[in-house]
Amino acid sequence: KKVSELLQFLFPFLTIAILWETLVRFSVIDAQILPAPTMLFQKIYDLLLHKRILQFHIYHSLYRLCLGFLLAVAVGVAIGAVLALQRSLIRDTFSPILSLLISIPTIAWIPVLLITMGLGDLTVITAIFLGGVFEIIYSTIAGMRSVDKQLINAARIMGVTELGLFFGVLLPGSLVAIMPALRLSVGYCWRALVGGEMLSAMIKWGLGKMIFEARFWNDVKVMIIGLAFIGIFGVILDRLFLKQLEQSTVEKWGMLTKR
């Protein structure tokens, strides 16, 4: 079954790659503008094994992404939980501020961060954090407010402590809203990562930096490779981590219908 799902997933990409290769080989598409997949694989081989730089770009981007995203999850769930458990007056006071912050594109934060935090990793990681945290806060509030009051009352009657109530009832019950937010936030964090790496002058390594520097040499192959790896790792994080987490929690518990 898993092999069948993998083939089904890869089929459209293989179809596009074969068509792309054919059009380039028959000169329908200019290889200087859009190199064929085989040319890109040759370039990847060169960047990995000859120049030995692609792995450093990938490592530094993944390091920044994971750190910024995990911070966004931890802070977002914590703040969302605190606001969800407050009285409606306090929650309604912060709601317009949260709506305003969600509306600001992450790329718009980067010039401010460059001035306040410098041109290094801190700026990029903060941009990634801002790219995901507000969506997670909003979804955590919505998720915890949707937990059945009867479950909460039953837990309290059974003598469950407030900490046990949070981890045993509120947090699991709100995962049905938090999990989609996490999957969306990964995409937002990738955008913030690439924008931050492109604009931070002190950063040497990163996929965003690699794409940005390739434009000076009109190296379309490197640009496309950078874009491809960003997409590939985005899919990997979503399918192999977040989707599996969703299946082992909300789907397993019957809170979400299996697709």
Side-chain angles (χ1 to χ4, degrees), residues 13 33-35 37 39-76 101 104-136 181-243:
F13 297 102
I33 297 176
L34 193 63
M39 299 176 184
L40 296 177
F41 281 114
Q42 290 172 358
K43 188 67 176 181
I44 291 172
Y45 180 84
D46 179 55
L47 293 173
L48 278 174
L49 300 178
H50 290 166
K51 296 182 179 179
R52 297 187 178 184
I53 59 173
L54 183 56
Q55 52 266 52
F56 290 102
H57 287 301
I58 292 172
Y59 167 76
H60 282 84
S61 286
L62 290 179
Y63 162 74
R64 295 179 188 119
L65 179 78
C66 291
L67 184 55
F69 178 67
L70 290 175
L71 284 172
V73 172
V75 174
L101 293 172
I104 300 174
T106 310
I107 194 71
W109 287 103
I110 294 177
V112 179
L113 298 176
L114 290 172
I115 295 172
T116 56
M117 296 187 175
L119 305 175
D121 275 353
L122 183 59
T123 291
V124 181
I125 293 169
T126 304
I128 295 167
F129 169 79
L130 293 173
V133 68
F134 302 123
E135 177 71 26
I136 295 171
L182 295 184
R183 298 181 72 174
L184 284 172
S185 296
V186 168
Y188 300 151
C189 289
W190 269 114
R191 297 172 195 175
L193 168 75
V194 174
E197 288 181 342
M198 285 182 172
L199 297 177
S200 296
M202 297 299 293
I203 285 178
K204 182 180 179 182
W205 302 106
L207 292 171
K209 195 69 173 181
M210 183 180 79
I211 295 170
F212 189 71
E213 290 183 344
R215 74 186 181 94
F216 292 111
W217 314 104
N218 292 325
D219 196 338
V220 181
K221 292 179 184 177
V222 172
M223 296 179 195
I224 295 175
I225 289 169
L227 292 172
F229 272 98
I230 289 169
I232 289 168
F233 284 113
V235 170
I236 289 173
L237 285 172
D238 180 68
R239 293 281 179 141
L240 297 185
F241 176 64
L242 293 175
K243 187 178 180 181

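Just so it is clear, the values below take in all heavy atoms, side chains as well, and ignore hydrogens, waters and symmetry mates.
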- Query: Can you list the steps and then say if Phe56 with Lys204 is a side-chain contact (heavy atoms from CB on, under 4.5 Å)?
  - Reply: CA-CA 10 Å; Phe56 290 102; Lys204 182 180 179 182; over 6 Å; no
- Query: Is the closest side-chain heavy-atom distance between Ile203 and Leu119 below 4.5 Å?
  - Reply: no
- Item | Exercise: identify the closest heavy-atom pair between Phe69 and Cys189 | CD1-SG, 3.9 Å
- Task: Supply the atom-to-atom distance Leu199 CG to Leu114 CG, rounded to the nearest 0.5 angstrom.
- Result: 6.0 Å
- Message: Assess the residue pair Leu101 and Val133 against the criterion (side-chain contact (heavy atoms from CB on, under 4.5 Å)); give the C-alpha distance rounded to whole Å, side-chain angles, the decisive distance to 0.1 Å, and a yes or no.
- Response: CA-CA 10 Å; Leu101 293 172; Val133 68; over 6 Å; no
- Item | Interatomic spacing from CD1 in Ile211 to CD in Glu197 - rounded to 0.5 Å | 8.5 Å
- Please report the shortest heavy-atom distance between Leu207 and Ser61, naming the atom on each side. N-OG, 2.8 Å
- Item | Gap separating the CG atom of Leu113 from the CD1 atom of Ile125, nearest 0.5 angstrom | 12.0 Å
- Between the main-chain N or O of Leu182 and the side-chain N or O of Glu135, is there a donor-acceptor pair closer than 3.5 Å? no
- Closest non-hydrogen atom pair between Thr123 and Ser200, with its separation: CG2-OG, 4.1 Å
- Item | Side-chain touch Leu54/Asp46, heavy atoms, less than 4.5 angstrom | no
- Message: Treating Thr106 as the side-chain partner and Ala192 as the backbone partner, does any N or O pair qualify as donor plus acceptor under 3.5 Å?
- Response: no
- Message: Can you give me the closest heavy-atom contact between Ile128 and Arg64, atom names plus distance?
- Response: CD1-O, 3.4 Å
- Item | Over all atoms of both residues, closest heavy-atom pair of Lys43 and Val222 | CE-CG2, 3.6 Å
- Message: Quick one, Leu47 and Ile225 - any side-chain contact, counting heavy atoms below 4.5 Å?
- Response: yes
- Message: Is the positively charged end of Arg215 above the ring of Phe212, judged by distance under 6.0 angstrom from the centroid and angle within 45° of the axis?
- Response: yes
- For Phe134 and Leu130 the tightest heavy-atom approach is CD1-O, 3.6 Å
- Query: Is it true that a side-chain atom of Gln55 and a backbone atom of Leu48 form a donor plus acceptor pair closer than 3.5 Å?
  - Reply: yes
- Task: May I ask you to decide if the ring planes of Phe233 and Trp190 are parallel, tilted or perpendicular, using 30° and 60° as cut-offs?
- Result: parallel
- Item | Inter-residue atom distance Met210.CE - Leu227.CG, 0.5 Å rounding | 8.5 Å
- Rounded distance [0.5 Å steps], CG in Leu71 versus CG in Leu67: 5.0 Å
- Task: Decide yes or no on side-chain contact (heavy atoms from CB on, under 4.5 Å) for Leu242 and Leu237, but give the supporting numbers first.
- Result: CA-CA 7 Å; Leu242 293 175; Leu237 285 172; 5.7 Å; no
- Item | Verdict with supporting geometry, Tyr45 and His50, ring pair (Phe, Tyr, Trp, His ring centres under 6.0 Å) | CA-CA 7 Å; Tyr45 180 84; His50 290 166; 5.3 Å; yes
- Message: One pair to check against side-chain contact (heavy atoms from CB on, under 4.5 Å): Phe229 and Ile44. What are the steps and the verdict?
- Response: CA-CA 10 Å; Phe229 272 98; Ile44 291 172; 4.0 Å; yes
- Note on the structure: Value for CG (Asn218) from CD1 (Ile33), rounded to nearest 0.5 Å, stands at 11.0 Å
- Query: Are the side chains of Lys221 and Met39 in touch, meaning some heavy atoms are under 4.5 Å apart?
  - Reply: yes
